[in-house]
Trainee: 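Here you go, one structure.
Below, chains carry the letters A, B, ... as their sequence lines are ordered, and counting in each starts from 1.
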2 protein chains.
Amino acid sequence: MTGPGTSPTGDQLVEVLAALSNPLRLRIVATLAGGRDYVSNLARVIGVSRPLLHMHLQRLEAAGLVVGSLELSEDGKAMKYFEVADFDLRLTPALLAAAAATLTTTDSPRGPAREEPSR
Amino acid sequence: MTGPGTSPTGDQLVEVLAALSNPLRLRIVATLAGGRDYVSNLARVIGVSRPLLHMHLQRLEAAGLVVGSLELSEDGKAMKYFEVADFDLRLTPALLAAAAATLTTTDSPRGPAREEPSR
DNA sequence: TACACGTGTAAGAAAGTTCTTACACGTGAA
DNA sequence: TTCACGTGTAAGAACTTTCTTACACGTGTA
């Protein structure tokens, strides 16, 4: 993901911020920051349904904030562990302006389609 | 807003991240980072409808990312100028975990209401 | 075979976000 | 009075997000 030396593109930034702008996903990251865990146990720990957790984890992984790996347990079960990725992002007006300059999609991703996508 | 010495609460963080996780609002902040401007001109510069810009600016102001002020122009017009706020946020797994610990609303703000809001 | 545990996916509903269009009001100049 | 320019607000439509429930599959044990 994004370390102190690299800057995300505007599109990456939007993806990351959107992924983190949800209380449940924040809690997921926070729980994984305390140590990796597998999906169904994480669902129990956090107290949400497993399909829901899976969906949120996919969103976080797509943004590069967590990393999933499939492992075989000693009793033959395929278990999907997730751990938090190593990221370090800084947000200041100047940095946001630099990122905004690289946005490829400038319109909001929802609502009625606009007549003329502005750029 | 949030300088290098202060940490936002979990709720503030979610509000800020949600406000920034939109390409159009990123562009608004970026344009204002280059210098303050008034609403209708900003709408022209960016190329969006004024009511839409107004709505987005309100969202950014509520999150503390921009500051609006009403001024009287020399020809008697009440003009609403906006400028970017001074913020400096850092996002790392540890900082997110600390913020998540202070979340008061732990559920996502949309979708079907859950049976038992989990904490 | 039934059960326990793990996985991934799909469908449909509820809620919020984004956008356009319209309305209303104000000041000043022609 | 009309026009130009500024402001704020509301209504309704299109779209995305979030959630639950259900289905399907796998391995191992009793």
Trainee: Report yes if a side-chain nitrogen or oxygen of Q58(B) is closer than 4.0 Å to either non-bridging phosphate oxygen (OP1 or OP2) of dT9(D); otherwise report no.
Mentor: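 Yes, within the criterion.
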Trainee: Using a 4.0 Å heavy-atom cut-off across all strands, classify E74(A) as base, sugar-phosphate, or nothing.
Mentor: nothing
Trainee: Would you call K77(A)-E71(A) a salt bridge at under 4.0 Å N-O?
Mentor: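 Answer for the salt bridge query: no.
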Trainee: Answer yes or no: does a side-chain N or O of S40(B) lie under 4.0 Å from OP1 or OP2 of dT7(D)?
Mentor: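 True: S40(B) side-chain N/O within range (under 4.0 Å) of dT7(D) OP1/OP2.
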Trainee: What integer distance in Å separates R25(B):CZ from dG16(C):P?
Mentor: 16 Å
Trainee: Of G111(B) and N22(B), whose closest DNA chain C nucleotide lies nearer the 5' terminus?
Mentor: G111(B)
Trainee: Identify which nucleotide among dT20(D), dC19(C), dT20(C) has an atom closest to any side-chain atom of P51(B), counting heavy atoms from C-beta outward.
Mentor: dT20(C)
Trainee: Which part of the nucleic acid does S49(B) contact within heavy-atom distance under 4.0 Å: base, sugar-phosphate only, or nothing?
Mentor: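 The residue S49(B) makes base contact.
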Trainee: Nearest whole angstrom, please: distance from the C1' of dT7(D) to the CG of L53(B).
Mentor: 13 Å
Trainee: Counting any heavy atom closer than 4.0 Å, what does P109(A) reach on the DNA or RNA strands: base, sugar-phosphate only, or nothing?
Mentor: sugar-phosphate
Trainee: Under a 3.5 Å limit for both distances, which nucleotide forms a Watson-Crick or G-U wobble pair with dA30(D), could you say?
Mentor: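 Its partner is dT1(C) (Watson-Crick or G-U wobble, both distances under 3.5 Å).
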Trainee: Select from N41(B) and S108(B) the residue whose nearest nucleotide in DNA chain D is closer to the 5' end of that strand.
Mentor: N41(B)
Trainee: To the nearest Å, give me how far apart NZ (K77(B)) and P (dG8(D)) are.
Mentor: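 Nearest whole value for this atom pair: 15 Å.
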Trainee: Which residue, P112(A) or P112(B), contacts DNA chain D at a nucleotide closer to its 5' end, judged by nearest heavy atom?
Mentor: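 With P112(A) and P112(B) compared, the 5'-side residue is P112(A).
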Trainee: Measure CG/D107(A) against P/dA14(D) and give the value in whole Å, please.
Mentor: 18 Å
Trainee: dT7(C) C1' sits how many Å from M55(A) CE, rounded?
Mentor: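 Computing the M55(A):CE to dT7(C):C1' distance gives 17 Å.
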Trainee: Could you check how far CG of L70(A) sits from P of dT7(C), rounded to whole Å?
Mentor: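 Between P of dT7(C) and CG of L70(A): 8 Å.
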Trainee: Contact class for K80(A) (heavy atom, under 4.0 Å): base, sugar-phosphate, or nothing?
Mentor: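 K80(A): backbone/sugar contact only, no base atoms under 4.0 Å.
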Trainee: Donor-acceptor check, side chain of D11(B) to backbone of L103(B), threshold 3.5 angstrom: yes or no?
Mentor: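 A pair under 3.5 Å: no.
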Trainee: Do any N or O atoms from the side chain of T102(B) and from the backbone of T9(B) form a donor-acceptor pair under 3.5 angstrom?
Mentor: no
Trainee: Side chain of H54(A) only, please: which of dT7(D), dA22(C), dT9(C) is the nearest?
Mentor: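 Closest nucleotide among those given: dT9(C).
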Trainee: Can you find a side chain N or O atom of R44(A) that sits less than 4.0 Å from OP1 or OP2 on dG6(C)?
Mentor: yes
Trainee: Grab the CG-P distance between D37(A) and dT7(C) for me, whole Å please.
Mentor: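 Taking CG of D37(A) and P of dT7(C), I get 10 Å after rounding.
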Trainee: Are side-chain N/O atoms of N22(A) and S108(B) paired as donor and acceptor at under 3.5 Å?
Mentor: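 Distance-only check passes for N22(A) and S108(B).
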Trainee: Which donor-acceptor pairs under 3.5 Å do the side chains of residues 47-70 of chain A make with protein atoms, sequence neighbours left out?
Mentor:
from	atom 1	to	atom 2	distance (Å)
S49(A)	OG	L52(A)	N	3.4
H56(A)	ND1	R25(A)	NH1	3.0
E61(A)	OE2	G68(A)	N	2.9

Trainee: May I ask you to verify whether the side chain of R50(A) and the base of dT7(C) hold a donor-acceptor pair under 3.5 Å?
Mentor: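 In this structure, the two groups form a donor-acceptor pair.
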Trainee: According to the Watson-Crick and G-U wobble definitions, with both distances under 3.5 Å, which nucleotide is paired to dA10(C)?
Mentor: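 Paired with dT21(D).
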Trainee: Heavy atoms only, 4.0 Å cut-off, all strands: where does H56(A) land among base, sugar-phosphate and nothing?
Mentor: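 Sugar-phosphate contact only.
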Trainee: In whole angstrom, give the distance that lies between atom CZ of R59(A) and atom C1' of dT18(D).
Mentor: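 From R59(A) CZ to dT18(D) C1': 10 Å.
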Trainee: Looking at every strand, decide which applies to E71(B) at a 4.0 Å heavy-atom threshold: base, sugar-phosphate, or nothing.
Mentor: nothing
Trainee: Check the side chains of D75(B) and S73(B) for a donor-acceptor pair under 3.5 angstrom, ignoring hydrogens and angles.
Mentor: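 Yes, side-chain donor-acceptor contact under 3.5 Å.
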